[in-house]
Amino acid sequence: MSQTQSTSALQGMAKIHHTLVEVVVCVVLAFVCVGGTPPGINESHYLPKAKHLADPTFASGGDLFLSSHDSHFLATKLAGKASSYLSLPAVAWLGRVFAWTFMAFAWLRLAKVLGLPGLVRPVAFAGWFLINHYGNWAGEWFLGGFEAKVIAYPLAILGLAAILENRWNLGWIWLGASVAWHPVVGVWVSVTAAGLWFMDSNRWLRLRQQGLAMAIAMVISLVGVLPALGGLGGSDIQDSVSAAQVHVFLRLSHHLLPRSFSMQHHLNGALLLGLLAVATVVYRRYGQSQDHAKATGGLLIVAWGAVGLTMIGILIDVAMRIGFPQILAAKLLRFYWFRWADVIVPLAISVIGFGWLGRTVRSEGKPNMHDITLRGTLYLALAWIMACGFVFGHWKRYGDIHVPPADQLMMQSLGPYWVSWDDLSEVSVDFDGSVAASWLPSETLLPQRYVDWLAVCRWIQENTPADSLWLTPPYQQTFKWYAGRAEVVCWKDVPQDNAAIIQWYRRLQRCKLPRQSDGKPRGWNTDELIDLAREYRFQWILVDRTYQDQPPLLESKYPLLVDNRSFAVFYISPRLLESSDRTTKNAEVSDDSPSH
């Protein structure tokens with residue numbers, strides 16, 4: 001081997017080594033930022049469905065959401081296959097690590113195209129996450145628990161990197177794969193990329209050159225588009241209830257309806273828009289003569305294209321106030337017009353800001369990172385210190401809590417009665433949280449309500465039929481995750497096809513906690529529970545004891561030999577349901593008979 005070949009081989013190995021180090025650093029940053037205990041906020045929603053579709057015996061009691069249409073074919077198949085061999089928490093961790101590693105690789109590819117130096121890329125990645133997390137307008141995120149979009153976004157970033165490098169054929173194929181994983185994510189990224197494509201004066205020549213790649217991308221995208229369209233089929237309206245309106249005005253208004261966003265989110269959006277404008281001015285004044293200027297300019301065009309999509313969504317919302325049909329507006333708004341801007345605008349701000357930092361690091365005319373200026377060294381050290389400080393502060397706020405994100409709402413939803421019912425607890429024993437939360441050290445202190453929730457779900461999993469159907473407390477979303485049983489309805493588990501969405505809405509309204517005369521929720525009484533059981537054919541009931549002043553007059557199953565101050569299980573016998581059915585039928589016959 002010649003000396004030149006040996007040198008090239010060593011340089012190649014060094015590049016691979018540096019890339020691996022950067023990937024590992026980015027993955028560690030991701031773990032610190034979003035590596036909380038599973039389930040994540042959406043993992044309790046998607047992963048049990050994937051497990052049920054792969055294994056119909058899981059929660060086989062007739063759960064509306066689990067048996068409804070699935071719109072994320074690839075993610076569901078992958079997670080479902082993994083759940084055949086692994087527990088749901090293990091599937092979540094496996095998916096997270098894969099997604100974070102994939103995103104780290106995609107980010108580093110884009111950062112290289114945009115000219116960010118190696119020492120700056122990980123800190124710019126942390127900056128992108130922090131700006132997105134604390135500055136998003138519509139609640140969108142790109143780094144978190146395992147679901148379809150955390151694979152779709154790295155694919156989109158790879159597509160964007162290829163396009164900004166003028167490798168359009170490869171870029172279209174990456175974007176097609178992004179659509180296949182998550183149609184809404186992939187389509188909006190593709191729309192803004194198409195805007196960049198149309199700005200090129202040679203676009204028709206490019207069309208001939210890229211036609212085959214575009215066709216391949218479209219075929220790939222059908223893997224995601226066809227299942228998604230299947231969910232939109234059928235009537236959107238049944239008895240004056242619109243599935244689109246349920247999505248936009250009830251379940252997902254915090255993502256889809258600008259008028260419902262909090263003032264803090266509006267301020268976030270205005271601040272990021274101002275920072276994007278500043279970044280654009282800085283680029284136009286100082287950055288166009290720099291290396292990689294064309295790629296940076298293309299990134300800004302894509303970012304402003306995403307802002308344009310956001311403006312269209314805002315106009316649809318405003319139009320409703322002046323007479324635009326609400327149902328039609330809801331059908332349009334349900335496609336997440338604001339999602340891509342929440343991701344790409346923070347990315348562009350981070351790239352422009354840290355791109356300037358990267359230029360201060362290098363000595364004039366010396367691109368080697370070993371030749372850095374004193375000023376650049378100070379700036380870089382300051383950037384790392386600030387980024388690590390923000391990341392550590394974020395971890396202390398969100399990561400140093402052993403209650404998973406998906407259980408936070410349940411923890412906060414306490415009724416007025418934090419007492420035990422003497423007739424339900426024969427023996428009071430202390431419950432060790434490590435029994436249910438086996439992934440934590442035995443000395444870990446957990447909130448009592450969370451321990452109670454784990455305990456009752458574990459008891460249900462071990463002592464009730466696998467095909468049972470349950471009425472569950474309204475302010476939780478992890479019953480299927482922990483107990484593996486079907487539910488009549490869960491607020492989080494909105495289906496993705498029109499017919500099932502309307503059924504879900506009706507069940508949600510029907511199964512709301514009853515209210516007192518002052519509007520405050522109260523516990524169930526016996527007759528109300530029996531009426532619901534007759535309507536939805538369930539026999540098992542999990543009640544939140546903090547809302548009950550008295551237990552219903554039904555067979556108590558739990559707690560009996562343990563102390564659980566938060567939850568209790570009741571059972572309605574078939575005989576009681578049958579007698580209730582006969583009483584109702586006799587009353588109907590009596591009402592229909594002629595009076596004497």
Are Q210 and W197 linked by a side-chain donor-acceptor pair shorter than 3.5 Å? yes

Has the side chain of S350 got a donor or acceptor atom that lies under 3.5 Å from a matching backbone atom of A124? yes

Is it the case that the side chain of S44 and the backbone of P39 share a donor-acceptor pair, with hydrogens and angles ignored and the cut-off at 3.5 Å? no

With sequence neighbours left out, the residues meeting salt bridge (Lys or Arg N to Asp or Glu O under 4.0 Å) with E147 are none

Without swapping roles, check the side chain of N42 against the backbone of H45 for a donor-acceptor pair under 3.5 Å. no

In terms of side-chain heavy atoms, does N169 have a donor or acceptor partner in R206 at a distance below 3.5 Å? no

Residue set satisfying salt bridge (Lys or Arg N to Asp or Glu O under 4.0 Å) with D70, at least two apart, ordered chain then number -> none

When you compare the side chains of S190 and W172, does any donor N or O come within less than 3.5 Å of an acceptor on the partner? no

Parallel, tilted or perpendicular: which describes the rings of F338 and F261, with under 30° parallel and over 60° perpendicular? perpendicular

Please table the atom pairs, donor to acceptor, closer than 3.5 Å between any side-chain atom in residues 103-118 and protein atoms at least two apart or in another chain.
from	atom 1	to	atom 2	distance (Å)
W107	NE1	R121	O	3.0
R109	NH2	E165	OE1	2.6
R109	NH2	E165	OE2	3.2

For the side chain of S260 and the backbone of L257, is there at least one donor-acceptor N/O pair under 3.5 Å apart? yes

Interatomic spacing from CH2 in W174 to CG in L158 - rounded to 0.5 Å: 5.0 Å

Which value, rounded to the nearest 0.5 Å, describes the distance between T478 atom OG1 and K492 atom NZ? 12.0 Å

So, W141 and H133: side-chain donor and acceptor under 3.5 Å apart, yes or no? no

Are V302 and I344 packed together at the side-chain level, in the sense that at least one heavy-atom pair is separated by less than 4.5 angstrom? yes

May I have the list of side-chain donor-acceptor pairs in residues 316-325 shorter than 3.5 Å, sequence neighbours left out?
from	atom 1	to	atom 2	distance (Å)
D317	OD1	R259	NE	2.8
D317	OD1	R259	NH2	2.8
D317	OD2	R259	N	3.1

Under 30°, 30 to 60°, or over 60°: which ring-plane class applies to F125 and W128, parallel, tilted or perpendicular? perpendicular

Can you tell if the side chain of Y134 reaches within under 4.5 Å of the side chain of N268, non-hydrogen atoms only? no

Take V25 and E22, measure what side-chain contact (heavy atoms from CB on, under 4.5 Å) needs, and give me the verdict at the end. CA-CA 5 Å; V25 172; E22 291 175 27; 5.7 Å; no

According to the side chain to side chain donor-acceptor pair (under 3.5 Å) rule, which pairs have a member within residues 326-347, sequence neighbours left out? E140-R339, T192-W340, Q245-Q326, H247-R334, R334-N498

Rounded to the nearest 0.5 angstrom, the CG-NZ distance for L143 and K149 is 11.0 Å

With sequence neighbours excluded, residues passing side-chain hydrogen bond (donor to acceptor under 3.5 Å, both in side chains) with H255: none

